[in-house]
Colleague: 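My questions all concern the structure below.
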Amino acid sequence: MTAINRRQFLTWGLVGTTAALSTRCAQNLTFGSPLTIFSSTDTLPTHQRSQSGLLELALQARQQQVPLGNQTATLLTYNGQVPGPTLEAKTGDTVRINFENQLAQTSNLHFHGLHIPPTGNADNVFLAVPPGATQRYEFVVPEQHPGGLFWYHPHHHGVVAEQVFGGLAGPLVIRGQVDEIPEVQAAEEAILVLQDFDLNRRGQPREPMPMFRRWGRQGNLMTVNGALIPTLTIPQSGLLRVRLLNASPSRIYRLRLDNHPWHLMGLDGGTLDEPVEIEEDLILAPGERADILVPGTREPNRYSLLSLPYDRGITDMMRGMGGRHHRRASIDNAPREIARLQYGETTTAVPLPKLLIPTTSLPEPTRRREFVLDHGIDHGHSFLINGRGFDHNRVDTPVQLGTVEDWRIINKAGMDHPFHVHTNAFQVLNRNGQPFPFQVWKDVVNVKAYESVDLRIVFTDFPGKTVYHCHILDHEDQGMMGILEIQPASV
Ligand code: C2O
Ligand code: CU
Ligand code: CU
């Protein structure tokens, strides 16, 4: 067999356990008649909130059988759940997590997007928790921390993709100033954790082929809160706040709410100045979050949240491949309904908020740097930043506390690389010279193939070593990560 054309590519996507579902979904799209397929719960398994300023819990990572979509899967879980329990704290609260590793591999915890110390037993990804060991994590959420959706996941270099693809990820909500806005307070809220899986017949995650590790592992089973096509209810004439998290190791989602308006109010850990209607699709790279307001102003029908094809630069690479790989190499990019919106009872009308929490402008930088993302030539299997693969003994980027820097991220490769920085959020300035439309705190920015992105970052507090990396977790595991050392201003 020779080249793979697009039709075949889409067809292969229908192979496997989800074939029936995709077909029905396609009919659904064509004829516009909503079918009741699976109706799952839209609430996450458990939700643990802080009390009197303290969120304390035991979190155990263990392999376990869990219901996933319409089957039973053997996954890696936090407290027996996929996704893990929703954790919720307020600004100023203390978070104390007694982590126990019951996996067969070393693991640890990372609090993605939180502005907390990267040292000690706070957000320290250099801690390694061997099988059978426990580790207490503890930190205070700063008073000035933005309210937003963050998440926790393992971060032990070399096995991150495997563990996240096994199911390990959970949402972490910080309640802050934005949650005090009356219209936001009056909104119903749904957190949607997007995860994809590639399971064998026994419901176990498949070991990816080498080329899949190169592209970033991706699966045809697309779940939302561990379910297939869960239904969300929007109050008629009210507001629904939908908080999306892409917790998949590699998949980039292109999302559309079919036939229904939706408004963006925030990205990653920040809010926009005001809600902005999403006119095109919403692209969500691994690690990214979107905070959305859906006004219940349409006809009380059902509406589909669709996942549409997105090419992150791997279709070209697939073209040259031999036939024996086709079946397992199929990356399902067919349009898919992943969740559904239905109308509930009428409530008092809630308008969209006029003003959110504006993001402060950063002063001019004291320093500029470049980060070149590329693929190595040794066996073609290493992923590099500025020509180097990750080395945990090397500081790549020393910065000074109290400074502002401009970073240019240059992608010299033919594949997208979502760039993520720990500890400090940044503001995206422009993409290929085009200004970024929003002033907002982000912690992941997708740098498309051959593109370059400028961002501005500030190091106000928390000295110590931390990391930046590509959030296609296979790329991170294969070296696309560097160490940032935030040094005290003057010693
Ligand atoms: Cu969500 Cu360093 O990662
Ligand atoms: Cu992170
Ligand atoms: Cu990458």
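Order of appearance sets the numbers: ligands from 1, and atoms from 1 within every ligand. Computed from a prediction, not measured in an experiment: that's the story for all the values here. Along the sequence shown, the residues carry numbers beginning at 1.
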Colleague: Give the name of the N/O/S atom in His417 that lies closest to the Cu ion (ligand 3).
Modeller: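 Nearest N/O/S atom: ND1.
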
Colleague: Are Tyr310 and Asp416 linked by a side-chain donor-acceptor pair shorter than 3.5 Å?
Modeller: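 Present: a donor and an acceptor within the cut-off.
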
Colleague: One thing to verify: whether Asp311 and Lys448 come together as a salt bridge, which I'm taking to mean a side-chain N less than 4.0 angstrom from a carboxylate O.
Modeller: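 No salt bridge links Lys448 with Asp311.
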
Colleague: Residues two or more places apart in sequence or in another chain: which of them pass side-chain contact (heavy atoms from CB on, under 4.5 Å) with Pro365?
Modeller: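 Only Arg368, Val404, Asp406, Arg456 meet the side-chain contact (heavy atoms from CB on, under 4.5 Å) criterion with Pro365.
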
Colleague: Does the ring centre of His155 sit less than 6.0 Å away from the ring centre of His157?
Modeller: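 No, the ring of His157 stays outside the 6.0 Å limit from the ring of His155, centre to centre.
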
Colleague: Report the residues that fulfil side-chain hydrogen bond (donor to acceptor under 3.5 Å, both in side chains) with Gln439, sequence neighbours left out, ordered by chain and then residue number.
Modeller: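 For Gln439, the residues satisfying side-chain hydrogen bond (donor to acceptor under 3.5 Å, both in side chains) (neighbours in sequence not counted) are Ser361.
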
Colleague: Pull up every protein N/O/S atom sitting under 2.8 Å from atom 2 (Cu) of ligand 1, skipping waters.
Modeller: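 Short answer, with waters excluded from the count: His155 NE2, His422 NE2, His469 NE2.
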
Colleague: According to the ring pair (Phe, Tyr, Trp, His ring centres under 6.0 Å) rule, which pairs have a member within residues 394-414, sequence neighbours left out?
Modeller: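 Every ring pair (Phe, Tyr, Trp, His ring centres under 6.0 Å) pair that includes a residue of residues 394-414, provided the two are not neighbours, is Phe371-Trp407, Trp407-Tyr468.
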
Colleague: Do Glu56 and Arg49 sit within salt-bridge range, that is, some charged N less than 4.0 Å from a carboxylate O?
Modeller: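 Arg49 and Glu56: not salt-bridged.
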
Colleague: N/O/S of Cys470 less than 2.8 Å from the Cu ion (ligand 3)?
Modeller: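 Here the distance criterion (N, O or S atom, under 2.8 Å) is met by Cys470, so yes.
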
Colleague: Give the atom name of whichever N/O/S atom in His475 sits closest to the Cu ion (ligand 3).
Modeller: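 Minimum-distance N/O/S atom of His475 relative to the Cu ion (ligand 3) is ND1.
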
